[in-house]
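A quick write-up on the structure given underneath.
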Amino acid sequence: MDRFRIHGGFPLKGSVVAAGSKNSTLPVLAASLLLQGESKFKRVPGLRDVDTMLGLLESLDSSVVRMGDEVQIRVADSGRTSAPYEIVRKMRASVCVLGPLLARRGRAEAALPGGCVLGVRPIDIHLRGLEALGARVSLESGVIKAEAPRGGLQGAEIEMSGPRGSTVLGTANVMMAAVLAAGTTVLRGCAREPEIENLVAFLNSCGALIEGQGTDIIRIEGVSELRANLWTIPPDRIEAGTLLLAGAATRGKVRVEKVLSSELAPLSNQLLKAGVPVQIGEDWVEVDAAETVPQATSLTTGPWPDFPTDLQAQWTAFATQCSGLTEVQESIYPERFLHVAELKRMGASAGCESGRAWVEGPCALQGAPVIASDLRASAALVIGGLVAEGETIVKRIYHLDRGYEGLENKLVDLGAQVLREVDSESP
Ligand code: EPU
């Protein structure tokens, strides 16, 4: 197992290029199960979650060739239909193959994912949507089994929102099942995230007839087949946001290039509220906090275009360097605060309870050994380590490798002292 050794206390300075988006890549790769011919994807990030999805596609009788950041996938009409527990357990996004398998191969099985450190995370809305399209869905010994009716899936009107609002992967999953269903499907209460817009654009480029992406009502006219296509993955707004927050927290000057700056607006606006100068080009965003004392600003996470939950932990780390009381309300995953206890071990004046965290800044953070608990919490601890005086060891960074491509290299390019090393104390 690897760990990071960070010598902190220096401002980050310079430019880095964003990687392709993890959360756009995963559903688009799952969608390749729907396509005739050979799909080719560019700007595919080198991440553990992407490897897991490619391994899952191979286990479903697809041929996968990866060369650098390009991936080619060829999928047969028929083949295995079951996503095994060992893969679903590693990555919840594996459930995204249910919709495409059901649409193309008439049946689909996936182990029911359990809870995770972000909380319970049910998939009831995914299953409800597939049932509404006519699938027979059952749970047997921890495995979800879905079977399309003899005449194939049928378009339907489906309500996609639940008690916590819309679901991103639920919208993707049901939409992918509906593209090959007979007739019209109308999905209401859909997620409006950029990753859904990207998936729709990709499917439409393959011959699907989908409209309404970016709104909460998506309308799909079923087609009989989809042809594989070449697709370039858009930039990762969460990776870019993490690097900008690392720049702001260290009072540095950081530019992230090859981004879609409009997708970073929820973060840029929040940084501006905190008094951090932000410059925005069409495909780059720069923060320059060298001459500023950032001010505490409270926020509530929410679905697009609200502040993303996937930047909440990193904002909490940045808040340790803001002057005053920051309150962070988590409306998507009320239990997503495991980073707070570790930041406190570094000297943060912070706490959390029932869906809310607070930080009283500015805090003089001290380097310490800390343990990463999930992907974004790990990123928050890295930001803490970059700010802290002295040495921070971030253990279990395999969580980071799920969603950040060579993060330490980008940070080193920005002048940080970060070393990846084998952690001989951990199994
Ligand atoms: N929910 C339900 N029922 C469902 C599905 C979701 O109640 O059937 C609830 C969830 O428990 C949660 C809320 O709805 O409270 C929203 O969850 P959503 O389904 O939107 O999450 P997701 O699609 O499983 C994706 C990202 C997450 C990101 C969320 C929210 C991927 C692979 N994952 O998850 O990314 O936090 O949307 O934006 O796209 C990350 O990258 O670190 C990450 C966790």
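Throughout, numbering of the chain's residues begins at 1 and tracks the sequence. Just so you know, ligand 1 is whichever comes first in the structure, and atom 1 is the first atom listed for that ligand.
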* Asked: Taking both backbone and side-chain atoms of Glu193, is any N or O found less than 3.5 Å from an N or O belonging to ligand 1?
  -> no

* Asked: Taking the six-membered ring of Trp304, is the NZ or CZ of Arg192 close enough (under 6.0 Å from the centre) and on axis enough (within 45°)?
  -> no

* Asked: For Val168 and ligand 1, does the shortest N/O to N/O distance drop below 3.5 Å?
  -> yes

* To do: Identify the protein heavy atom lying closest to atom 9 (C) of ligand 1, giving its residue, its atom name and the separation to 0.1 Å.
  => Arg164 CB, 4.4 Å

* **Those residues that, when tested against Asn269, pass side chain to side chain donor-acceptor pair (under 3.5 Å) (two or more places apart)** => none

* Asked: Can an N or O of Ile332 be found at a distance shorter than 3.5 Å from an N or O of ligand 1?
  -> yes

* Asked: Just distances here: any N/O of Leu26 and N/O of ligand 1 closer than 3.5 Å?
  -> no

* Structure fact -> atom 3 (N) of ligand 1 has as its nearest protein heavy atom Asp124 OD1, 2.7 Å

* Structure fact -> Nearest non-hydrogen contact to atom 44 (C) of ligand 1 from the set Arg376, Arg336, Met91 belongs to Arg336

* Min N/O separation Tyr333 to ligand 1 under 3.5 Å -> yes

* Heavy-atom gap Gln312 to ligand 1 smaller than 4.0 Å -> no

* So, is Ile125 polar-close to ligand 1, with some N/O to N/O distance under 3.5 Å? -> yes

* Considering only protein heavy atoms, which is closest to atom 36 (O) of ligand 1, and at what distance to one decimal place? -> Asp310 OD1, 2.6 Å

* To do: Specify the protein heavy atom at minimum distance from atom 26 (C) of ligand 1: its residue, its atom name, and the distance to 0.1 Å.
  => Asn23 ND2, 3.7 Å

* Using a strict 4.0 Å cut-off to heavy atoms of His126, name the atoms of ligand 1 that fall inside it. => 8 (O)

* Any heavy atom of Pro122 sitting closer than 4.0 Å to ligand 1? -> yes

* **Side-chain heavy-atom pair Leu243, Leu411 within 4.5 angstrom cut-off** => yes

* Structure fact -> shortest atom 23 (O) of ligand 1-to-protein heavy-atom contact is with Leu169 N, 2.7 Å

* Structure fact -> Within 4.0 Å of some non-hydrogen atom of Lys22, the atoms of ligand 1 are 40 (C), 41 (O)

Anything under 3.5 Å between a donor and an acceptor, one on a side chain of residues 27-46, the other on a protein residue two or more places apart or in another chain? List them.
from  : atom 1 : to     : atom 2 : distance (Å)
Ser32 : OG     : Leu29  : O      : 2.5
Arg43 : NH2    : Ala18  : O      : 2.8
Arg43 : NH2    : Lys258 : O      : 2.8

